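Below is one structure, written out as structure tokens, with a few remarks after it.
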Number of protein chains: 2
Amino acid sequence: MQMKTGVEQSVYAILILNMLPDKAVLPGEAISQQLGASPTYFQKLLRKLVSANLITSVPGVKGGFKLRKKAEDIRIYDIYLAIEGQQSLYSSSGVMHGMLDLEEEGCCLLTDLMQEAESSWQTVLKRQTIASLYEEINVGYQPKVQLLQQWIKEKMVM
Amino acid sequence: MQMKTGVEQSVYAILILNMLPDKAVLPGEAISQQLGASPTYFQKLLRKLVSANLITSVPGVKGGFKLRKKAEDIRIYDIYLAIEGQQSLYSSSGVMHGMLDLEEEGCCLLTDLMQEAESSWQTVLKRQTIASLYEEINVGYQPKVQLLQQWIKEKMVM
DNA sequence: ATAAAGTGGATAATTATTATCCGCGTTATA
DNA sequence: TATAACGCGGATAATAATTATCCACTTTAT
Ligand code: FES
Ligand code: FES
């Protein structure tokens, strides 16, 4: 039970896109290179982010990706959801059904508990946004962020 | 990112063992049959529960498994831990390291957040115990539980 | 002695995740 | 208008995680 690495990559990808000037766009391959991710698979992840309306894509020669929402409106949870899908962490196999010979469903006590735990988990991931995460990184690693900004200026297209 | 089905099976297995009279023991195969689990793999799960000191095993002809702790002292989280292991839900691949060119570790902002979320999740799973779960099932499905009790009396050995 | 259990290791089957390829549509620009 | 740089989607392969089976072994009641 491990979160997909795609979630981490996506978060940092969006963090990069957040540093992009308005109207500018960054090619997927540049991003995947910066993250050290496999370019082809990373495109698939970007597609999921597009489907989730977190970023937009521009095809064609000066194409690429950019944010669709404001950084304040992108919660870490949204990114998680885009990549991992909406299925819950726990899904009952109906063990209790067979055990107690129940006809109807909607019973599983464990499901209730697990759902509550997951909600509690989600709450934390809904608190932090790309904006707040960027804030933290910026105060903690400003010089490095400058370099990243520089790199973005080189790779972006308008 | 799905919890292993072994967690569900283990919870119900322990719930069954909890209904066992003191000194009695239930063979692993009987349990797996009741749960509809694959017998050989389910033995592996039972082993993990033994290793985690949640249940004890008795070898030999009148052998089987029984609880090691009191139902009040077995949290759902303990069972989760026994089956899934102690690794956290999220583990950083160091994407931020490569991105910002950091030497040392202990940085990842996402790791902190994810850890907080996971703690929050764990808290819920630490609240409920086998005792409280059994309580709930007992009030909700008493007649069915009677039948299960009956079955246990048939299958147990002392 | 024998049979019924658990144990541990090796291995296979299945499923989920990650990765690659290729042909296509779109768009700036030469 | 041709071309090159990009994103898109489907098919497919490689890898890893999970689930499942088998077997030789130890333990113990009868
Ligand atoms: S056994 Fe889980 S929903 Fe019924
Ligand atoms: S990038 Fe996550 S710990 Fe440094």
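FYI, side chains are in, hydrogens and waters are out, and symmetry mates aren't considered; it's all heavy atoms of this structure. Below, read A as the first sequence line, B as the second, and so on, with proteins coming before strands; counting in each chain starts at 1. Here the structure is a predicted model, which means the values were calculated and not measured.
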Going by heavy atoms in the side chains, are Ser120(B) and Trp121(A) under 4.5 Å from each other?
-> no
Starting from P on dC24(C), measure out to CZ on Arg47(A) and report it in whole angstrom.
-> 19 Å
Which listed nucleotide (dA11(D), dG6(C), dT21(D)) is nearest to the side chain of Lys44(B)?
-> dT21(D)
Separation of atom CG in Leu49(B) from atom C1' in dT7(C), rounded to whole Å = 15 Å
How about Glu29(B): does its CD atom have over 12 heavy atoms from other parts shown lying under 6.0 Å from it?
-> no
DNA chain D-proximal residues of residues 150-158 of chain A, any heavy atom under 4.0 Å = none
For atom CD of Glu8(B) and atom C1' of dT18(D), their distance in whole Å | 16 Å
May I ask you to say what Gly64(A) touches in the nucleic acid, namely base, sugar-phosphate or nothing, with a heavy-atom cut-off under 4.0 Å?
-> sugar-phosphate
Apply the test side-chain contact (heavy atoms from CB on, under 4.5 Å) to residues Ile152(B) and Gln34(B): give CA-CA distance (whole Å), side-chain angles for both, the deciding distance (0.1 Å), then the verdict.
-> CA-CA 10 Å; Ile152(B) 288 174; Gln34(B) 180 64 282; over 6 Å; no
Could you tell me whether a side-chain N or O of Ser10(B) sits under 3.5 Å from a main-chain N or O of Gly6(B), the two making a donor and an acceptor?
-> yes
Are any non-hydrogen side-chain atoms of Ile130(B) and Ile79(B) less than 4.5 angstrom apart?
-> yes
d(NZ, Lys48(A); P, dT17(C)) in whole Å = 9 Å
Hits for salt bridge (charged side-chain N to carboxylate O under 4.0 Å, His left out) against Arg68(B), two or more places apart or cross-chain, chain-then-number order -> none
Between Val95(B) and Glu8(A), which heavy-atom pair has the shortest distance, and what is it?
-> N-OE2, 3.2 Å
Tested for side-chain contact (heavy atoms from CB on, under 4.5 Å) against Ile55(A), the lone hit among Leu17(A), Ile74(A), Leu26(A) is Leu17(A)
Who are the salt bridge (charged side-chain N to carboxylate O under 4.0 Å, His left out) partners of Arg75(B), not counting sequence neighbours?
-> Asp78(B)
Is Ser57(B) near enough to dT7(C) that one of its side-chain N or O atoms lies under 4.0 angstrom from OP1 or OP2?
-> yes
Rounded to the nearest angstrom, tell me the gap between atom CD in Glu84(A) and atom P in dA16(C).
-> 13 Å
Distance-minimising heavy-atom pair for Gln43(B) and Gly28(B) = NE2-CA, 3.8 Å
Whole-Å distance, Met3(B) CE to dT18(D) C1', equals 15 Å
Closest non-hydrogen atom pair, Met96(A) against Leu109(A) = SD-N, 4.3 Å
Return the set of residues passing salt bridge (charged side-chain N to carboxylate O under 4.0 Å, His left out) with Glu136(B) (not counting sequence neighbours), or none when no residue passes.
-> none
DNA chain C nearest-nucleotide lookup for Phe65(B) and Met1(B): closer to the 5′ end is Phe65(B)
Can you sort out which residues in residues 16-43 of chain A have a heavy atom within less than 4.0 Å of DNA chain D? Ascending by number, please.
-> Pro27(A), Gly28(A), Gln43(A)
Mind calculating the distance between CD (Gln9(B)) and P (dT19(D)) to the nearest angstrom?
-> 8 Å
Rounded off to whole Å, could you give me the NZ-to-P distance for the Lys4(B) and dA17(D) pair?
-> 10 Å
Under-3.5 Å N/O pairs linking protein and nucleotides 27-30 of chain C:
unit_1	atom_1	unit_2	atom_2	d
dT27(C)	O2	Val61(A)	N	3.3
dT29(C)	OP1	Lys62(A)	NZ	3.0

